[in-house]
Amino acid sequence: MDSTVASTGTEEKTWGGGNKPLKASYGKMMMWFFIVSDALTFSGFLAAYGFSRFKFINEWPIADEVFTHVPFLHGQELPMIYVAFMTFILIMSSVTMVLAVDAGHHMNKAKVTIYMFLTIIGGAIFVGSQAWEWATFIQGDYGAVQTKGGNILQFGEYVTVDGEEKFKRVSIEDLAIAQASDRVDHERKNGLWFVDEGTLPLYTVNEIYAGLEANENVLVRNQFLDENGHKTVLSRAESLKQIKENGKLVVKGANLQVNEYGTTLFADFFFFITGFHGFHVLSGVIINIIIFFNVILGTYERRGSYEMVEKVGLYWHFVDLVWVFVFTFFYLV
Amino acid sequence: MAHEHKLEIFRGRWKFKSNTEKIWGVLAFLTFITVVEVVLGIYKPDVFMHTWMDPLEGGFFATIGNIILSPIVYMKPLNLIFIVLTIIKAYYIAWDFMHLRDETGSMRKMIVWTAVFLICYLMFILLQEGGYVFNVYNGEDALIKHNF
């Protein structure tokens, strides 16, 4: 048990052991090695995200239009608010972690316990918030039609709010008009041996087209950005033509195959990078819980040093550090 | 273990009496930066939405100049502000929360220089390549037709 802090070997000789290179203990140095390599992994992911974004720079989804939801505030478009809250929670739990490390330096067991507990709570809130964010993103809000080439066509109409003309999105639920169709969900009992298919989309493209025809003021916008950074809104004739000729699949929400907000790669990277980060937070919470119980049991009190709290703290701050970058590159930039 | 803490940030312009106080001070600063980011992200002031400088035209040296100045030439000022603020936040998280400020200078350099060098290198290569691929698809002499 003592191997983490006690020095072994003959102290007088340079190569006899017991030296601390760079005045850092073995465990702390190894934690730093891990953090540097993990930072490179994350930057590899973020650089790949940057590559794809630069490749599709004129059609990348606008984050402010994607992440607009806040729990308990239905139907309001509040971009940034929820994710700012998440960021603050994570920074706050980082603070309680430093306070735990600081209390550890003063060998104050009671304070370490409280601050470790608060850190765990903060981490749990963050993971929960991220789960909610994922669920909202997967569920989607307005729905769209995907074209043969994989592009996204969304619906909306021009409305005047406070004397300003705005493009207001229209949901596919409000648009679709039921059509007779003989396309039914294929079940394994029908014909082909033990083969079935996933759930059919809510609506067929024909239903959406009928709805578009019936609603004179509804227009289609595609995912390409104009010079002002807004998505291009098509004319009425062009709207009908696009849906008729290119519409292939009605999509709602986002997953690894389709994304109603635009390029599918956006959803792929979002799930992959925030998922990988969320996994780090989760494992951080679990490690924190283990250390928390060790603190309660008095392990570090007996060892005479709370350095383990410090090492776990380093990992926890690293998770916060990564989030700062994920926050910038997914939500702000 | 030695627990000496350097109790000042902003190059000594803001001094603290104890380590705990410094932590709260840094939290206040980080929160302030996050609030600035969020406010800018919601209101997106028009001044910051268009680049302040056009790409240089000309031969080889103009290209080199564009690469060196790419954060100003190709990036919206708002995005540049966000990235700078992010790096400032990262600095204070690493220096004060991960107490790199209290480590030996060479330990700090070993960690930071390695990571910063490799990340800058990777970012430069991939973003440059991403821009190139964009031109292959969308440039004036693009050979590939976008399938709608």
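The chains referred to below are lettered A, B, ... by the order of the sequence lines, with proteins before strands, and numbering in each begins at 1.
Heavy atoms of A:Phe88 lying under 4.5 Å from chain B belong exclusively to its side chain. Neither the backbone nor the side chain of B:Met75 comes within contact range of chain A; no heavy atom of the residue lies under 4.5 Å from a heavy atom of that chain. Heavy atoms closer than 4.5 Å to chain A are found in the side chain of B:Thr34, but not in its backbone. In this structure, chain A has a heavy atom under 4.5 Å from the side chain of B:Thr31, while its backbone stays farther away. For B:Lys44, the part sitting under 4.5 Å from any heavy atom of chain A is the side chain, from C-beta outward, and nothing else. Heavy-atom distances place no part of A:Leu78 under 4.5 Å from chain B, backbone and side chain included. Residue A:Glu227 touches chain B through its backbone alone, counting heavy-atom pairs closer than 4.5 Å. Using a 4.5 Å cut-off between heavy atoms, B:Leu127 touches chain A through backbone and side chain atoms alike. Looking at A:Val36, the atoms closer than 4.5 Å to chain B (heavy atoms on both sides) all sit in the side chain, from C-beta outward. B:Leu100 touches chain A through its side chain: at least one heavy atom from C-beta onward sits under 4.5 Å away, while N, CA, C and O do not. Looking at B:Glu129, both its backbone and its side chain come within 4.5 Å of chain A, counting heavy atoms on both sides.
Going from atom CE of A:Met97 over to atom CG of A:Leu90 covers 12.5 Å, rounded to the nearest 0.5 Å. Atoms CD1 and CD1, from B:Ile42 and A:Ile81 in turn, are 4.0 Å apart once rounded to the nearest 0.5 Å.
Aromatic ring pairs are classed by plane angle as parallel below 30°, tilted from 30° to 60° and perpendicular above 60°; the pair A:His277 and A:Phe126 is perpendicular. Taking the six-membered ring where the residue is Trp, B:Trp14 and B:Phe16 present tilted rings, their angle falling between 30° and 60°. Between A:His317 and B:Phe97, the ring planes are tilted. Angles from 30° to 60° get that label. The aromatic rings of B:Trp52 and B:Phe48 sit tilted relative to each other, their planes meeting at an angle between 30° and 60°.
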Before you tell me yes or no, could you show the steps for A:Phe269 and A:Trp60 under ring-ring contact (aromatic ring centres under 6.0 Å, His included), namely the whole-Å CA-CA distance, both residues' side-chain angles and the distance that decides it to 0.1 Å? CA-CA 12 Å; A:Phe269 275 110; A:Trp60 201 251; 7.2 Å; no

Stepwise, does the ring-ring contact (aromatic ring centres under 6.0 Å, His included) test hold for B:Phe117 with B:Trp113? CA-CA 6 Å; B:Phe117 168 71; B:Trp113 289 8; over 10 Å; no

List the steps and the verdict of ring-ring contact (aromatic ring centres under 6.0 Å, His included) for B:Tyr92 and B:Phe10. CA-CA 10 Å; B:Tyr92 283 98; B:Phe10 306 139; 5.7 Å; yes

Assess whether ring-ring contact (aromatic ring centres under 6.0 Å, His included) is satisfied between A:Phe266 and A:Phe56, documenting all intermediate values. CA-CA 10 Å; A:Phe266 177 82; A:Phe56 297 113; over 10 Å; no

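Salt-bridge annotation for B:Lys89 and B:Glu37: present, with a side-chain N of the basic residue lying under 4.0 Å from a carboxylate O of the acidic one. Electrostatic pairing of A:Lys28 and A:Glu307 does not count as a salt bridge here, judged by no charged N lying under 4.0 Å from a carboxylate O. Taking a cutoff of 4.0 Å between a charged side-chain nitrogen and a carboxylate oxygen, A:Arg221 and A:Glu238 do not qualify as a salt bridge. Between B:Asp102 and B:Lys6 there is no salt bridge, since no side-chain N of the basic residue sits under 4.0 Å from a carboxylate O of the acidic one.
Ranked by heavy-atom pairs under 4.5 Å with chain A, the first of B:Ile87, B:Ile111, B:Asn19, B:Val38 is B:Ile111. In terms of heavy-atom pairs under 4.5 Å with chain A, the best-connected choice from B:Thr104, B:Thr86, B:Val136 is B:Thr86. Ranked by non-hydrogen atom pairs under 4.5 Å with chain B, the options A:Thr87, A:Val101, A:Ile57, A:Val322 are led by A:Ile57. The candidate with the highest count of non-hydrogen atom pairs below 4.5 Å against chain A, out of B:His50, B:Met49, B:Met110, is B:Met110. Top candidate by heavy-atom pairs under 4.5 Å with chain A, chosen from B:Thr114, B:Leu78, B:Ile83, is B:Ile83.
For a heavy-atom cut-off of 4.5 Å, chain B lies close to A:Phe327, A:Thr328, A:Phe329, A:Leu332, A:Val333 in residues 326-333 of chain A.
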